[in-house]
Structures are given as structure tokens and as C-alpha cells.
2 protein chains.
Amino acid sequence: MVVTLRDVARAAGVSPATASRALSSPELVAPARREQVQRVARELGYRPNRAARELITGRTGNLCLVVPDLENPFFAAVAKGVQARARTLGYAVFVADAEEDPRLEPELVAHLGAQVDGAVLCSPRMSDEDLDRLAEDVPLVLVNRRHRALASVVIDNADGVRQAVTHLHALGHTRIAYVGGPADSWSDARRREGLAHVSHGLRRVEVVDLGPFAPVFAGGVAAGDLVAASGATAVLAHNDLVALGILSRLQARGLRVPQDVSVVGYDDIPAATLVSPALTTVTVPLARLGREAVDLLVAHAMSTRRGSAAERVVAAALAAHRDGAGGAPGVSASITGGPRGASYVDVDAARAVEPHTPHDGTHETDGARGTDGARRADGKAVGADGGADGRADAPAGAHGPRVGVVGAPASPDGTGEPAPQPVRLRVELVVRASTGPVPTRPTSEADR
Amino acid sequence: MVVTLRDVARAAGVSPATASRALSSPELVAPARREQVQRVARELGYRPNRAARELITGRTGNLCLVVPDLENPFFAAVAKGVQARARTLGYAVFVADAEEDPRLEPELVAHLGAQVDGAVLCSPRMSDEDLDRLAEDVPLVLVNRRHRALASVVIDNADGVRQAVTHLHALGHTRIAYVGGPADSWSDARRREGLAHVSHGLRRVEVVDLGPFAPVFAGGVAAGDLVAASGATAVLAHNDLVALGILSRLQARGLRVPQDVSVVGYDDIPAATLVSPALTTVTVPLARLGREAVDLLVAHAMSTRRGSAAERVVAAALAAHRDGAGGAPGVSASITGGPRGASYVDVDAARAVEPHTPHDGTHETDGARGTDGARRADGKAVGADGGADGRADAPAGAHGPRVGVVGAPASPDGTGEPAPQPVRLRVELVVRASTGPVPTRPTSEADR
DNA sequence: CTGAAAGCGCTAACAC
DNA sequence: GTGTTAGCGCTTTCAG
């Protein structure tokens, strides 16, 4: 009923081993036989059994993504990016919604982690300890959070607020309110730091911290009243959802935006342009966060995988690799080579001969990242203090085209390799209709 | 390194077979041994190898969901519902984004279908033929589309527009514009049908069809101008995104909503309340669409599965089942029993003794569906003309609490069982600020 | 109720 | 280059 590799082998007049090789490692088979086997396989409609393959190779060809809330446009966009990238690389992706529950996250990762080659955790709210624990079981890449030796892709939080505040300052605003996100939000902490730096640098600018709020529309609505009462002429919100809430509340109270109060968001979700006035906000390359995360995962995390046979081999290869051989890519290639190829029809047949160089920036619109970002362990970079806390990042005063960091995505899986530099993506302020010049006379609640 | 079932067996002093049973079919093992094995397994941190299990059982414990666009709030919400439900049943779910490309859909389903127990296709744009083809390979459940014998969950499209038009009519509107969705949208076709019925029933109501538009914000913006030119005092949009676009365009042109024009959307996505005026719209139980789809999948689609050994057994069981024995649930239970239980730690240990009754409405807020919706093949229902085209659905004139259909979710997998009735979910108009009484004098472009 | 044995479909040594 | 031989870890007959 279901056609098996044996069937193909028999029909092609070769041994199962040869059939297997012809499909999975074509370069090991004589051209004539190879093509014949491939043809027969096609004719018979052969579909390799993934479970059987996984059982022996230890690789699944799957990834997983865990987000706090799929309905949040921010995460939806990241998910889309992850999807797209994974698909072109031949990976399928499990998506899990943690329902904003920090306790659910580790559970989800543990469950899914058992059946994937790696996991992307987007804005995880779980503790550092949980992250450490999980990282032992499955290759992890963090998005929008940083943690010790784990690979991660983040945005330049500090630079975003810098741009926003600079913009507001140029419009004459001197009293700016900040409506923060959740107290335990990693990115919010970075933005606060950035805020402190900018306001230091700018004369006569005063930032009023209105405190932490839920990072959703309702949070913004609540914050709206505080904004009105603060006497600020401009407000910067933790994210667009919050900004939208503020906007809504302000307008409901009869305050005009931007005539009375200017509002700036963060993230640039689609809804930012659905409202009027359209929201001035900090554009974050949402989809790219996802894409980079996948690249990172495929680049290094996949190298080690608890997979019985494969595991031992990889370990041996890595050892040999470290012992001198500057870079015999062929070796690691045949080991780390995961699924690839856009066509799902015969992924195996399409398996490239070229070594595994998953991301060389080909698809990126700006050439920020080094083209050899995927190659790891080239001596020099080893042993640095990459495991530091990551406080060294934001020289927030500097500006100009901040490069999205290169760094060697090494393997933090306990193979003794150094911790990777996080991939940091640039953000950019996009000015729309919700910000304008400071009102000539101060606006306050008393105005109405 | 990794603890295997053999290890557990050895440590517990039993054979691998017994260990396996103790964990996967506890009822087959003597209480004493059973508990001992379970304890040992826990202590050793035993984690069953899913690949090995899948290889022999043919079941994966995974589902997949394919949507046209993850960033569309409609699909995000459905995805969330699918997620949640699948998780409580112990299933992990692959999510794929078809990027609004009908050609990509079958490819994704084919790829993922090979490694899941069933697939949920949300608003698939692919052809009927593609659906037929895929349905042969993997159990399918459709959301927001109907097709022959495939199980599906849809909303009462016709009733939604009926409510909307009735509302508008009550406000005095007599000239109502309809801004449709994509020409090949199944749901849009249903809404048009409903529209025709209602306007027949209502005196003096004239519906102006403004044609098909892309179901996104930009589509609505484009439609906005047509609305203004149509002379209609109210407009009903294919969905909220389009309604939002219309709203935006109308306001940009100086028309006031609802004073000059009333706007009604469909779906009630979160953004509907982010704008001002808040959108009057037809609330669709988005998350529930997803939940029901999963229930349907688990209820019947899982019964048959090409899985070597399991397949034959299931087939035999089904045959025996049909031959009289009204309901020997024990049999099918041990066969169809998929993963379940909320705890991921020891899903197996939690395997219920009770027969497989995945959804009995326990989690539903309204008891619309029958509690025995999961039980299939009880003679009577067999052989009906369930395979009809689905044109029989909308007696659009009727109203009142339309029940969300019960029907026996039979297996359309060619086992000779009848086609299932689609699960139809009720929708409800929610009146917000974007609709109001008809203007005393007609509004047209000339007004400004 | 329990154990021994036989694979699920595939890949990876190891010889030839 | 190719075939032969072993299993990967688990479930499931089939005897006892």
C-alpha cells in the first residue's frame, strides 16, 4: 500500500542501501544508478518515512516557535518571518501560544523540544533558570531577549527611543511622558536605559516616567489619563498597542493629537496606520527578527543534537575540528546538513553538495551582517568573555547607521565554544501624523 | 545518556514489553508492577521517543493548521483557538502560512500532512480538486469553507448579513452598499446569497453591490470612494479590515461616520474597537472556529490512519464495528485513542481508560452542540445525502437562536461512512458607534 | 497478567 | 561504489 524504500530498491534492482544513498546522499552513488533510482522513486510515488529517518539520524527537520500571544500583531509578524524562512530551508515549524503565562512556556518548550531540532523563543517571560534548563535539552534561540550564552536576535531598543526623543525634541517638546511596558519585560528595561541616556544628552528635555502598563490596548487607555494629567506635551509608549490606547483615550477626552499632545509608538504594527491620525512609531523589522532567528538556529544549534548515532559522530567531528583543522567544511557539512531546498517534493534529491552555509545575507535588503556569519570556531574568537551580561551594548549616545552586529554564531550547547554575539537589528523612526510641533501654550487638563 | 524504555524495564526488573504496557496501557498491567514501573520511569527521567512510537503506531500526536495569512487577525484568532484546543488534547500543532497563495497551500499540506494525524485548513483558497487529492492522504477539516464529504466548521454567513441589514433597516437606511471580498471567496458567496434573501424580505431596501475587493485594509480604502459615490447611506463590508479601510477613506474625505454614512463590518477582530467610531460588526466566534475544527479532527479523522500495522487493525475494527455491534467502545478506544491530557510530563501514564470521546462540549460556553457529537456510525444516520453541495444551508429568512448544528461527525475517509454535517456556528451583530440613523437629507459627494 | 520475539522504515558501519 | 548486516526505540502479537 505505502511504498517503502525497499520497494524502490527492488524495482530499481539495487540494494536498499544504495537506494537510500541515491536519494539522501546522491554524491555517493554512480550517476547512472543514482538517476535510475530517483526516477523509480518518483514513479512509484515514494515518500520517505520521516519517523524512521528521525529514529536513526536523530534529526526531525522541524523547528518550533513559542510566543506569548499569537493574536498580538508583533508576534504574528515574527511568526510569519519564522515560517517563511523555515520553509525555504525545508523545515516545518510547530507554533505554540503560551497565553501570556510564564509558567506555560517551559512546559511547551519541553514538550515540543523533544520533537524538533531547535526552538525559537520569542519574548519569553520565563525565568533565566528555566532558560538554562531548557537549553540543555534543545538548541534555543531567543528573540527580543538576551541570556548568557544563548544565541539571540534583538533590536536596538535604546536607539529606537533615542530617535523618538530626538524627533520630539526637534519639534520643541521638552516634557515627554514615557508609558512603559510590563515590569519584567527585557526590552522595556533596555528602552528605559536608552531613555536615560538620551535625556542626559539633550538639554531642557524632561522625561516623565508614568510607570509600567500592560502592553496592550487597554493598558494604553489606562495610561491615557495619566498622560493628560502629567502636563507632558508628548508621550512615548512601550509599543503601538499601548500608543493606540493612549490615542484613543486622549481623543475620547477631547484632546487633539497631535495639536495638543504628540504620541509615539514602537514596533510599527499594521494597526498603526489604521487609526487617525496615523501613528508615528519606531519601525521594527518584525519578520526579519523571525528570519534571523531561524538562520541562527540552523547555523549552529543544529550541530549538536542528542540523537544516538548522530550525536556521537558529531561530538567526534567537533573534537577533531577543534584540534587544529582550521576549517574543513566538508566534514561538518555532511553532519550538520539539515533539510533544505524549497521543494517539498523531493527534498532529499535536492540536497545540495555545497557545505552548509544557511545564511549569507543573500535575502537581506541591507548588507549589515557579515557574509561568513555562519562559519564558526576560527580560533581567534574563542574564549572571549562573550558570556557577559550584555550590559555593554548600548552606547546610546552614538548614532548613525548602527550595524546589525556580526559575530560568530558559535554553539552554546556546552561544546566549549564561545557565546555568540546577539544579532542586533536596527530600528528606524517613521514619522506620521500623530506627532507635531509643541503647542504654543502648555496643554493640561484644565484646558477644557 | 538518554534513558530508554529498556533502561526503565531493567531498573524495574520487568521486561520491556511490560514496561511499555505499564506506561502506555496501564490497565493491562497489575497495579503493583504498574506503579513501580511508572515510578522508576519518573525517577530515571524517562522520555518516550516519539519517532520510535510513531514508526510503529503510525500516529504522530501532531496536527497542522494552514492559513492564508498569519498576520490577518482573523486567522491569528483561529490559530489561537486551534492551539489551545490541541494542547489540552495533547497534540502539538504545525502552523503554516500560505502567503495568500493558492498554489502554495497544497504543497504545504502535502508536506506537513506526512507528519501529522490530521490537518485543519482555514479558508483554503485551493481548488476543490486539490482538496480531494489531499484528503486522500491526510484527514482534513475545513474552516470557513465547505466541500463535499469533508468535515468542516463554518459560520452562519447568511444570518450575519441578515442581522446587519435588519439593523440598518431599522435605522431607516434604504440604500445600502455591499463591499464584497475576493471573487473566489466561499464565505463571500454565502453572504451575497444571504443579502439577496434579506433584501427580498424587507420593503424599500435596496442593496448596491460595489463588487469584489481585496479583503484587506487597502481594499476598503479603494472601496471607500465607490461608497461615497454610490449615494448609499450605509455600507456593509466583507470583513472588518475592509470596513476599517472604508471608514478611513470616508473620514479622510470629510464624511462623518455615522452621521453621514453608517459602516458595518464582519468578524469583529480586535482592531474593530481600536478605531473611532468603534465599528459595528458581526461577531464571529473566531477562537471557537479553531476549537471546533480540532474537535472534529480528533473525533473522526483520526480513526483511520495509514500507519502500516495500525492501519490494518483499525480497518478490521471498523469493519467489525459496522457489522452489528452497536457500540463496543472498548475496541475502537484502544485504537483511536490518541494523545490527551494536559500534562506533557507523562501523557502516556494519563491515558484514559474511558473510550475516545474527545469533545463533549465541556469547554463550550453555550450548549449548542450535542453531547454525543463524537459518537459516530450508529446506523440511522448512515447513507443520508450528506454529500450534497451545501446549498441547502441558508433558510436565510428564519432567525432566532440558530443552533450550531449537531450531526454525526462521520469519517469521510472513504470508509463508507456518511458525509458529516458541517458544524455551523452562530454569529451576532454587535452595534457600536459606526452606525446610526439615516441622515435626514441624503448624503452625497456634492455635499461638500 | 507477563515475557520473548518480531519487526515498523530507514540509515550507517563494514566489507567486498 | 555497492551490498550485507545491524540496529534506532518502541509496540505488539503470541505463548505461557
Ignoring backbone atoms, test whether [X] places a side-chain nitrogen or oxygen under 4.0 Å from the OP1 or OP2 oxygen of [N].
X	N	result
B/Arg33	C/dT2	yes
A/Ser20	C/dT11	yes
A/Ser24	C/dT11	yes

[atom1] of [X] versus [atom2] of [N]: gap in Å, rounded?
X	N	atom1	atom2	value
B/Leu28	C/dT2	CG	C1'	11 Å
A/Glu54	C/dA12	CD	P	14 Å
A/Arg47	C/dG9	CZ	P	15 Å
A/Arg59	D/dG9	CZ	C1'	18 Å
A/Leu55	C/dG7	CG	P	17 Å
A/Gln115	D/dG9	CD	P	17 Å
B/Leu44	D/dG9	CG	C1'	15 Å
B/Arg34	C/dC1	CZ	P	9 Å

message: Can you say whether a donor on the side chain of B/Arg21 sits under 3.5 Å from an acceptor on the base of C/dG3, or the other way round?
response: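 Result: at least one qualifying N/O pair found.
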
query: On a plain distance test, is the side chain of B/Arg50 in donor-acceptor contact with the base of D/dG9 below 3.5 Å?
result: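 No pair found.
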
Starting the side chain at C-beta, find the nucleotide from [options] nearest to [X].
X	options	value
B/Asn49	D/dT2, D/dC10, C/dG3	D/dC10
A/Ser15	D/dT4, C/dG9, C/dG3	D/dT4
B/Thr18	C/dC8, C/dT2, C/dG9	C/dT2
A/Arg53	C/dC10, C/dT2, C/dA12	C/dC10
B/Thr57	D/dG3, C/dT2, D/dT11	D/dT11

- prompt: Can you list the steps and then say if A/Glu43 with A/Arg39 is a salt bridge (Lys or Arg N to Asp or Glu O under 4.0 Å)?
  reply: CA-CA 6 Å; A/Glu43 289 171 0; A/Arg39 186 173 48 70; 3.1 Å; yes

Earlier contact from the 5' end, DNA chain D, for A/Val14 and B/Leu5: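 That would be A/Val14.
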
Kindly indicate whether the side chain of [X], heavy atoms from C-beta on, has any atom under 4.5 Å from the side chain of [Y].
X	Y	answer
A/Pro48	A/Leu5	no
B/Leu23	B/Arg34	no
A/Leu55	B/Asn49	yes
B/Val294	B/Gln83	no
B/Val116	B/Phe94	yes
A/Asp295	A/Arg85	yes

Test item: B/Ser25 side-chain N/O and B/Arg21 main-chain N/O as donor-acceptor pair under 3.5 Å: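 No: the side chain of B/Ser25 does not pair with the backbone of B/Arg21.
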
message: Between B/Ala30 and A/Thr4, which residue's closest nucleotide on DNA chain C lies nearer the 5′ terminus?
response: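 The 5'-side residue here is B/Ala30.
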
query: Just how large is the angle between the end axes of the helix from C/dC1-D/dG16 to C/dC16-D/dG1, five pairs per end, to 10 degrees?
result: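 The helix from C/dC1-D/dG16 to C/dC16-D/dG1 shows an end-to-end axis angle of 30°.
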
